[in-house]
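To start, the structure itself, in structure tokens.
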Amino acid sequence: MNLGKNELNRRDFLKVGGMSTVALTLGATGVLSLTGGNESLAASNSRKVSSGFRGYGPLVKDPNGILDLPRGFQYRIISKTGDPMPNGDLVPAMLDGMAAFKGDKNTTILVRNHENSTNSQYPVNGKNPWSNGAAGGTTALIVGPDRNLIDEYVTSSGTIRNCAGGPTTWGTWLTCEETRNMGHGFVFEVNPLDPENEMSKTPIRDMGYFSHEACAVDPSNGIWYLTEDDNPSFLYRFTPHDRSQKLGSLQKGGILEAAAIDEISTTTSNQLNSSQKFGIVWKQLNPERAQQDAKDLGCIQFSRLEGAWFSAGTFWFDDTSAGSKDLGRVYRYFPATNTLELFYESTDKNDLEMPDNITITPWGDLWIAEDGGGNDRIIGMTPEGVVYPFAENQFNGSEFAGPVFSPDGNTFFVNMQTPGLTFAIWGPFARRNAARQRAMGHAAPPADLAPAVSNKLTAFAEEQGMSILEAAALERHGMPIL
């Protein structure tokens, strides 16, 4: 996350407060329906394909100047920084990563990060902090099936720059500190049903001491993948000693590794061909000096890793400031084949500018939250090769953060980090489609947005028996083209 450009802007905050009788009252207790007004496409038009899903159409300007959505979609602001929670505390600032879990009586339980550091006008005020004076932490929101807020409370506190994280398969949230200052830089497990317990203030040290961003678990084997928001940054893998995927299993420790490009001998292959093959290997690290070990071991150096999501056997992650124009890349990794691919590399900010948090929708599209200049958007990519905008921030220059769907797939939740708004969005979403989720994991990128590759690289990929996308990923990170 780019914290500097998203610090709370008092003028914008007062602007929201001044709109309470028009926008925020309706947003919190009623509905803002975007069914009229002038239509306008976001900067990037949807790509045309002969068949298949093409997105939800052009965005309609929000008459309240907050959030543009496609026709037929509505939003409600369910939480705002500075508003009182039921216990009298104020909603903390710097809303960031989120997870959604199924609650009782068709409710949704949201767990939400707060990327505060040590000083904040709106800190996370917990009763059982890990570190006094640290203003970050997490909160929980209980949202009813009518998308109204039922309850809101602190779930962990005393941490710094809780940026993103990842949901576990057993209903808890791993919140990650994006820092290595003042002894902070760890992962903590938060149980929204048992807030501020001892586990929430106990760092999972074997998951590393570094500037954490996001993490995602492979549900088939309990192995976690972690991104690092630093420069350089590395892609990490954590294999728990206890892979039962139960409450308390991660606290038993595990092995931390980082991804590297390996040169593999092919002595059994035809000697007339290249005598080298290339693949991804994982090199074990000392978790207390993870980044330095990764550097010393020659692991893959990325620019600044951000979002992470695991779906249908595929681990997706992005590098927000990578590429020839520093506009970002999207990767995918296949654990089954130990294959890393460069899925997408932006060369035009109108297509995608600085990808951040990501998610796979219930119907199988990849959704990307931007953290660039200008008006940030939620961008969708389909297995059929279409790119489309779903939402655009018309209120200010803040990033979107924490995109996640309710367990039933009917509501999309996302944060506008500053001035601190959590939205519930609903409308004619496509139905859940596991087949399309699997298809997205293996689909080719949109033809006009695919990574640029030379004829030499294409020939090399064929010679090595790898995909063009795999060759592009390795070539971008120093693999010699023979």
Side-chain angles (χ1 to χ4, degrees), residues 208 210-216 225-237 256-266 274-285 290-309 314-347 352 354-356 358 368 444-445 449-482:
F210 58 88
S211 184
H212 290 267
E213 176 65 30
C215 56
Y225 298 89
L226 304 96
T227 60
E228 178 180 29
D229 192 345
D230 207 342
N231 188 7
S233 60
F234 297 90
L235 177 64
Y236 298 91
R237 181 175 76 173
L256 185 68
E257 300 166 297
I261 299 173
D262 190 43
E263 196 173 292
I264 305 169
S265 173
T266 58
S274 168
S275 61
Q276 294 171 302
K277 293 276 183 188
F278 297 88
I280 298 299
V281 295
W282 295 91
K283 297 190 176 183
Q284 188 168 343
L285 314 172
Q291 190 190 62
Q292 188 60 53
D293 274 5
K295 288 180 182 177
D296 293 344
L297 293 170
C299 296
I300 302 172
Q301 294 193 15
F302 297 90
S303 294
R304 191 161 67 85
L305 294 184
E306 290 278 1
W309 196 265
T314 304
F315 173 62
W316 294 87
F317 66 102
D318 55 42
D319 193 339
T320 193
S321 56
S324 60
K325 297 188 177 181
D326 301 327
L327 292 173
R329 293 171 177 160
V330 178
Y331 295 86
R332 60 187 179 190
Y333 170 73
F334 301 99
T337 58
N338 211 23
T339 301
L340 177 68
E341 291 189 344
L342 176 58
F343 180 79
Y344 171 66
E345 185 172 48
S346 181
T347 57
L352 181 68
M354 304 190 75
D356 202 307
I358 57 176
I368 304 169
L449 298 180
V453 295
S454 65
N455 291 336
K456 183 179 180 181
L457 183 59
T458 301
F460 180 77
E462 293 176 356
E463 181 180 289
Q464 293 291 325
M466 62 177 64
S467 74
I468 296 296
L469 299 180
E470 183 183 0
L474 300 183
E475 184 266 342
R476 298 299 198 273
H477 293 282
M479 180 186 73
I481 305 302
L482 304 176

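In this chain, numbering begins with 1 at the start of the sequence shown.
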Is the backbone N or O of [Y] less than 3.5 Å from a side-chain atom of [X], with the two atoms forming a donor-acceptor pair by type?
{"X": "Ser211", "Y": "Asp229", "result": "yes"}
{"X": "Asp262", "Y": "Gly279", "result": "no"}
{"X": "Asn338", "Y": "Ile280", "result": "yes"}
{"X": "Asp319", "Y": "Ser303", "result": "yes"}
{"X": "Gln291", "Y": "Pro232", "result": "yes"}

* Asked: What residues, two or more places apart in sequence or in another chain, satisfy side-chain contact (heavy atoms from CB on, under 4.5 Å) together with Ala214?
  ->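 Ala214 satisfies side-chain contact (heavy atoms from CB on, under 4.5 Å) with Ala164, Thr227, Ala308 once adjacent residues are dropped.
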* side-chain contact (heavy atoms from CB on, under 4.5 Å) against Thr314, all qualifying residues, sequence neighbours excluded ->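 Testing Thr314 for side-chain contact (heavy atoms from CB on, under 4.5 Å), a comparison that skips the adjacent residues, returns Trp316, Arg332, Phe334.
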* Asked: So, do Tyr225 and Phe317 have ring centers that fall under 6.0 Å from each other?
  -> no
* Look at the rings of Tyr236 and Phe234 and say which category their plane angle falls in: under 30° parallel, 30 to 60° tilted, over 60° perpendicular. => perpendicular
How many angstroms lie between atom [atom1] of [X] and atom [atom2] of [Y], to the nearest 0.5 angstrom?
{"X": "Phe460", "Y": "Met479", "atom1": "CZ", "atom2": "CE", "value": "4.0 Å"}
{"X": "Asp318", "Y": "Glu213", "atom1": "CG", "atom2": "CD", "value": "8.5 Å"}
{"X": "Leu226", "Y": "Ser233", "atom1": "CG", "atom2": "OG", "value": "12.5 Å"}
{"X": "Arg329", "Y": "Ser321", "atom1": "CZ", "atom2": "OG", "value": "10.0 Å"}
{"X": "Lys295", "Y": "Leu285", "atom1": "NZ", "atom2": "CG", "value": "13.0 Å"}
{"X": "Met354", "Y": "Arg304", "atom1": "CE", "atom2": "CZ", "value": "5.0 Å"}

Identify the heavy atoms of [X] and [Y] that sit nearest to each other, and give their distance.
{"X": "Leu256", "Y": "Gly208", "result": "CD2-CA, 3.8 Å"}
{"X": "Lys283", "Y": "Ala260", "result": "CE-CB, 3.8 Å"}
{"X": "Lys325", "Y": "Thr347", "result": "CD-O, 3.2 Å"}
{"X": "Thr320", "Y": "Pro355", "result": "OG1-O, 2.9 Å"}
{"X": "Val453", "Y": "Thr458", "result": "CG2-OG1, 3.8 Å"}
{"X": "Glu470", "Y": "Ser467", "result": "N-OG, 2.9 Å"}

* Within a strict 4.5 Å, meaning less than it, do heavy atoms of the Ile300 and Leu235 side chains meet? ->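 Side chain of Ile300 against side chain of Leu235, heavy atoms only: no contact under 4.5 Å found.
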* Are any of the side-chain heavy atoms of Leu352 and Tyr344 separated by less than 4.5 Å? ->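 Yes, close enough: below the 4.5 Å cut-off.
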* To do: Please name the residue in the list Phe343, Trp309, Trp282, Phe315 that meets the ring-ring contact (aromatic ring centres under 6.0 Å, His included) test with Tyr333.
  => Trp282
